[in-house]
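Numbers here are sequence positions counted from 1.
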Amino acid sequence: MTQFNRLCRSFEKMDPADYVSILAEKAVTVIPALSEIEFNGIPGTMLLTEFILGAIVADGRLSEDEYNFTYRLFSALLGESIDAVTYNKLLATAFDNKDDYKNFVDQVVDALGTLSDSLKDDIITICLVICAVDGKVSFGEKNWIKKLIR
């Protein structure tokens, strides 16, 4: 088993309360840092939002646990509460454009490559939490996150 697979397994075994605590801890550094950057005209927080959407749709399904968790996460990321209808439209668009995320990931990886290693690690952790919240980091989700690591 690779080190990455062991890391995924450790996230899969976490208590749901740990996910919330990890995200709260990482948000303190990640959100302000990304608010300060722009890459090819795209704000850093939007790059993170798009990458997270890509992680959500990477395996082609969304469990109820993932939905509930990411709904709260997106409200926090956007700095305002979003209603369920708006969030559902956001997810539907993401699933409809799943292939576009594969193309977009290269731009995100380039942008994140300009960040410090610790900030990049924090972003990878956020993505792992989101993918593991349903108790399983799928093959598609692992491949999505691995793109960030390279």
Taking ring-ring contact (aromatic ring centres under 6.0 Å, His included) as the test, write out the residues that go with Tyr71, two or more places apart. Tyr87
The side-chain contact (heavy atoms from CB on, under 4.5 Å) partner of Cys131 among Val137, Ile56, Ile52, Ile126 is Val137
Any residue meeting side-chain hydrogen bond (donor to acceptor under 3.5 Å, both in side chains) with Asp18, in chain and number order, not counting sequence neighbours: none
Donor-acceptor pair between Ser118 and Asp121 side chains, under 3.5 angstrom: no
Only counting residues at least two apart or in another chain, list the ones meeting side-chain hydrogen bond (donor to acceptor under 3.5 Å, both in side chains) with Ser21. none
Where do Ala27 and Pro32 come nearest, in terms of heavy atoms and distance? O-CD, 3.4 Å
OG1 on Thr29 to CD1 on Ile123, rounded to 0.5 Å: 8.5 Å
Applying salt bridge (Lys or Arg N to Asp or Glu O under 4.0 Å), can you list everything that pairs with Lys26, at least two apart in sequence or on another chain? Asp122
Does Ile130 form a side chain to side chain contact (heavy atoms under 4.5 Å, CB included) with Glu141? I'd like the steps, not just the answer. CA-CA 10 Å; Ile130 291 164; Glu141 291 167 332; over 6 Å; no
Looking only at atom types and distance, does a side-chain atom of Thr70 sit under 3.5 Å from a main-chain N or O of Glu66, one as donor and one as acceptor? yes
Is any side-chain heavy atom of Val57 closer than 4.5 Å to a side-chain heavy atom of Trp144? no
Leu7 side, atom CG; Glu12 side, atom CD - distance, nearest 0.5 Å: 10.0 Å
Please list all pairs passing the salt bridge (Lys or Arg N to Asp or Glu O under 4.0 Å) test where one or both residues lie in residues 33-52, with sequence neighbours left out. none
Just verifying a value: how many Å separate Leu62 CG and Asp134 CG, rounded to the nearest 0.5 Å? 8.5 Å
Non-neighbouring partners of Asp117 that pass side-chain hydrogen bond (donor to acceptor under 3.5 Å, both in side chains), sequence neighbours left out: none
What's the separation between atom CG in Leu128 and atom OG in Ser10, rounded to the nearest 0.5 Å? 8.0 Å
Walk me through whether Thr93 and Leu90 qualify under side chain to side chain contact (heavy atoms under 4.5 Å, CB included). CA-CA 5 Å; Thr93 300; Leu90 180 69; 5.9 Å; no
Heavy-atom side-chain proximity of Val133 to Met14 below 4.5 angstrom: no
About how many Å separate CZ of Phe95 and CG of Leu53, when rounded to the nearest 0.5 Å? 9.5 Å
Straight-line distance of Tyr19 OH to Asp65 CG, nearest 0.5 Å: 9.0 Å
Show your reasoning for whether side chain to side chain contact (heavy atoms under 4.5 Å, CB included) applies to Met46 and Leu34. CA-CA 9 Å; Met46 183 56 69; Leu34 290 178; over 6 Å; no
On a heavy-atom basis, the closest approach of Ala24 and Val28 is O-CG2, 3.3 Å
